[in-house]
Every structure is written in C-alpha cells, then in structure tokens.
Amino acid sequence: MGIMQQRNSSHSSSRSHKFLPYLAFILFSAIFVFKVDIIISQTISGARSYNYLDSLTSPNLRFGNGTFYRHFIASWGESKINRVENGEMLTLTLDKLSGGGFESKKVYLFVRIDMQIKLVPGNSAGTVTTYYLSSDGDHHDEIDFEFLGNTSGDPYTVHTNVFSQGKGDREQQFYLWFDPTQDFHTYSILWNPKSIIFYVDNIPIREFKNAEHLGVPYPNEQPMRIYSSLWNADEWATQGGRVKTNWDLAPFIASYRNFSSDGCVWSFRTRTSSCDAADYSTKPLLKMELDERSRENMKRLQRERMVYDYCTDIRRFPQGPAPECTIN
C-alpha cells in the first residue's frame, strides 16, 4: 500500500511538472497581452493629447481656404453637419429636433477671419445663423456676427455684438444691401490690439475701438476660438419673437465655404502666441485701423443700413451712452 501511494505520488508529481511549462507560457502570454494593451491605450491617449494641445495649436499656422475636415470639428448636432466637395464646403441643417454647430481646432490671440456664407433661403423666421469668436468662462470675450432670419421678402437682420470680460450689451444691427440667401457673401472679423472691425464683402460696417483709456475693458488677453451654428431662437429672433419658426418648411440649411485666417495662434501647452514682440510693430494685421476715408464710408453705410445702435437707445440705457460710444 505504501509503495502504491509512493508510485501514485511520483506519477502525480511528474504529471504536474510536465504541465508547468504550459502554465508558464499561458501566464506569460496573458501578461504580454495586458502590457501590449496598456501600451496601445497610452499611445492612443498620448496621440489624442498631442493632437489637441500641440498639432491643434501649432504656431506655424498659415492657411487659406482650408478644408472643413482639417480645421474644424463638430461642437454639437454632428448629424446636422455635412461636409461636401471634399470638405471644401460645409452645410448646417436645422429641423424640429436639432440644429448644429462647429468650431475651429485652432485658438487665436488676434486674428482676421473670413468666411463665405449663404444664409437660409425663403421663410427663415425664428432661425439664427451665427459666426463668431469666443473665449471660455464666465468672464469670456466674444465678437459676434448673428444673422436673424425673417419671413419671405423681408430682409435679414445682421446682429453684431462685442463682449469683454463677460459684459456685452453692445449690439448694432444692420440690413444688408443684397439678398444673402441667393449667393455666397464674405463675412469677416478683424481683431487686433487697436480695434475690432466687422466687414461684409470687405466693406467695413462696424468698428469697435480699444477704449481702455476710458475705463472700458477690451478683449486682448483671452485667446478665442471660431464658432458657427444654426439654431432655433424663435422666442426672440424675428420681430422680437412675434413670428415663430414654421417647421413645415424644415429643414433649414446654411452653407459655408472659402474659410481663411491670418493671425496669432495660441498654444495652451506653452501658454504663448505665435506672434512675438516684434510682430506687434511690424505685422500689418496687428496694427491695422480704418483710415479716414474708410471710416467716412462706413459712417455713410451706417446711416443708410443700421437699424439699431445701443449707443442711441435711451430707453434701454437711461443713464446715457456707454463711454466707448464717444469714440466709436
């Protein structure tokens, strides 16, 4: 009996030793796969981090007519964003479920941006198409173009506004001298340390000068991203909200093409701009202001086309116009 137990024990031990190499191989394989999975995950995570912080804020930005694949991402309503013509054109769609919006991958501290836009045709009452620069946070800076839809035959209202350190209420509104739904037109914002200028087809319609010497905050410290969207705002957009969106006419579509940009690209990783101190004295973009002739032409256009000016709204501002109104 003792001999049999000894033989069985020896046989069992021999069999266990026989399987040890297989167990070691299985264990090693499991550890190897786990390590590889970690490496892949870290690589993907690192690539995403690099893309967002480095490649998306590279100081070597110089592009014109960049594709909407390369230079913009969806902000919201991604299913309502359609890139066509190999990404050289983009459309936003609004229906009763949702609109959509996109934003630039790059962030800027002073820039000129140009975009050709064809606005929602027909009865666009209640809809708002936006195109603007904005920083983040409660005390954000923002420079707005907003296009307020209207009933068929009535003009679009071009709404402009400037926020600095969270304060806005600087609206000026205009009627255009053409139908912005029939063809593409170029809408531009120039933002530099001296002034902010709004252009339509390269014609200045508004200038907001730096009035820090009058105690008025000016957007010159917070980098801003480009945003655009199409959404429903029928509680206020058309005739003060009296005309609502007619959803039987949906979908509503706005189209974009020929985006270009020239400016100082901000890097969140290094907390620096692509423009150095010398650029502020030599780069035309950073020094540009309207000359007297351009300013007079702009004032003439404002007399003919401006339909609202916060500087003259004594009902809304009974204390009198804001300090910057004296120089703008």
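What you are looking at is a predicted structure, and each value in this text was computed from that prediction instead of being measured.
- Side chain of Ser294 to main chain of Leu290: no donor-acceptor pair is present (N/O by atom type, distance under 3.5 Å, no hydrogens or angles).
- Put simply, the side chain of Phe198 does not reach to within 4.5 Å of the side chain of Tyr187, judged on heavy atoms.
- Cation-pi check for Arg112 over Tyr199 is met; the charged atom lies under 6.0 angstrom from the ring centroid and within 45 degrees of its normal.
- Other residues, nucleotides and ligands contribute at most 12 non-hydrogen atoms within 6.0 Å of the NZ atom of Lys194.
- Arg83 places no side-chain N or O within 3.5 Å of a backbone atom of Met89 that could act as its donor or acceptor partner.
- For the atom pair CZ (Phe259) and CD1 (Ile117), the distance works out to 11.0 Å, reported to the nearest 0.5 Å.
- For the pair Ser104 (side chain) and Arg225 (backbone), a donor-acceptor distance under 3.5 Å is absent.
- Under the 4.5 Å side-chain criterion, counting only non-hydrogen atoms from C-beta, Ser98 is not in contact with Trp231.
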After noting the C-alpha distance and the side-chain angles of Glu171 and Arg316, does the key distance pass the salt bridge (charged side-chain N to carboxylate O under 4.0 Å, His left out) rule?
CA-CA 12 Å; Glu171 301 92 344; Arg316 186 176 169 203; 2.8 Å; yes
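- With 3.5 Å as the limit, one finds a donor-acceptor pair spanning the side chains of Ser164 and Arg170.
- Tracing side-chain contacts under 4.5 Å through hydrophobic residues (I, L, V, M, F, W, Y), one never reaches Phe184 starting from Ile113; they form parts of separate clusters.
- Cluster annotation: Ile197 and Phe163 are assigned to distinct hydrophobic clusters (Ile/Leu/Val/Met/Phe/Trp/Tyr, side-chain heavy-atom contacts under 4.5 Å, transitive).
- Under the 4.5 Å side-chain criterion, counting only non-hydrogen atoms from C-beta, Val120 is in contact with Tyr156.
- Using a distance-only test at 3.5 Å, with no hydrogens or angles considered, no donor-acceptor pair links the side chain of Asp141 to the main chain of Ser135.
- Asp95 places a side-chain N or O within 3.5 Å of a backbone atom of Leu97 that can act as its donor or acceptor partner.
- In this structure, Asn328 contributes its side chain and Cys325 its backbone to no donor-acceptor pair below 3.5 Å.
- Thr130 and Ser229 form a side-chain donor-acceptor contact under 3.5 Å, judged by distance and modelled atom types alone.
- Under a hydrophobic clustering in which Ile, Leu, Val, Met, Phe, Trp and Tyr are joined whenever their side-chain heavy atoms come within less than 4.5 Å, directly or via other members, Trp247 and Ile253 fall into different clusters.
- Distance check: Met224 CE to Tyr108 OH gives 12.0 Å after rounding to the nearest 0.5 Å.
- To the nearest 0.5 Å, atoms SG (Cys264) and NZ (Lys283) are separated by 6.5 Å.
- Tyr256 has its side chain out of reach of Gln116: every pair of non-hydrogen atoms, C-beta onward, lies at least 4.5 Å apart.
- Looking only at side-chain heavy atoms (C-beta outward), Thr326 and Leu214 come within less than 4.5 Å of each other.
- A donor and an acceptor atom, one from each side chain of Asn150 and Thr238, are nowhere located under 3.5 Å apart.
- Minimum heavy-atom separation, Asp309 to Gln172: OD1-NE2, 3.2 Å.
- Checked against Leu230 for a side chain to side chain contact (heavy atoms under 4.5 Å, CB included), the options Leu94, Thr91, Ile81 give a single hit: Leu94.
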Intermediate values then yes/no, side chain to side chain contact (heavy atoms under 4.5 Å, CB included), Ile327 and His213
CA-CA 11 Å; Ile327 63 169; His213 64 286; 4.1 Å; yes
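- If you take CD on Glu146 and OG1 on Thr129, they are separated by 10.0 Å, rounding to the nearest 0.5 Å.
- Under a hydrophobic-cluster definition in which Ile, Leu, Val, Met, Phe, Trp and Tyr are linked whenever side-chain heavy atoms come within less than 4.5 Å, directly or via other members, Tyr132 and Trp191 are assigned to different clusters.
- A salt bridge does not link Glu296 with Arg293: none of the charged nitrogens is closer than 4.0 Å to a carboxylate oxygen.
- At least one side-chain heavy atom of Leu190 sits under 4.5 Å from a side-chain heavy atom of Leu285.
- Of the possible donor and acceptor atoms, none in the side chain of Asp114 sits under 3.5 Å from a partner among the backbone N and O of Ser188.
- Looking only at atom types and distance, the side chain of Asn232 has a donor-acceptor partner in the side chain of Thr245 under 3.5 Å away.
- Listed for the Asn86 side chain is no donor-acceptor partner under 3.5 Å among the backbone atoms of Glu88.
- Ring centers of Phe147 and His159: at least 6.0 Å apart, outside the cut-off.
- One N or O on the side chain of Arg242 and one on the backbone of Gln239 form a donor-acceptor pair closer than 3.5 Å.
- When the shell of 6.0 Å around CD of Glu221 is examined, it contains 12 or fewer heavy atoms from other residues, nucleotides or ligands.
- Side-chain atoms of Glu212 and Asn220 include a donor-acceptor pair closer than 3.5 Å.
- The shortest side-chain heavy-atom distance between Ile196 and Pro219 falls under the 4.5 Å cut-off.
- You'll find the side chain of Val265 stays beyond 4.5 Å of the side chain of Val107, heavy atoms only.
- Inspection of the Thr160 and Arg206 side chains reveals an N or O donor paired with an N or O acceptor under 3.5 Å.
- One finds the CG atom of Asp291 at 8.5 Å from the CG atom of Asn297 (value rounded to the nearest 0.5 Å).
- For Glu289, the CD atom counts as densely surrounded, since its 6.0 Å shell holds more than 12 non-hydrogen atoms of other residues, nucleotides or ligands.
- Atom CD in Glu207 sits 5.0 Å away from atom OG in Ser195 (nearest 0.5 Å).
- Between Phe110 and Tyr280, the ring planes are perpendicular. Angles over 60° get that label, and only those under 30° would be called parallel.
- Counting only N and O atoms by type, the side chains of Asp313 and Tyr308 include a donor and acceptor under 3.5 Å apart.
- If you check the side chains of Asp154 and Thr151, you find a donor sitting under 3.5 Å from an acceptor.
- A continuous path of Ile, Leu, Val, Met, Phe, Trp and Tyr side chains, each step under 4.5 Å between heavy atoms, connects Trp177 with Phe174, placing both in one hydrophobic cluster.
- Between Phe145 and Tyr131, the ring planes lie parallel to each other; the angle is under 30°, not in the 30° to 60° tilted range.
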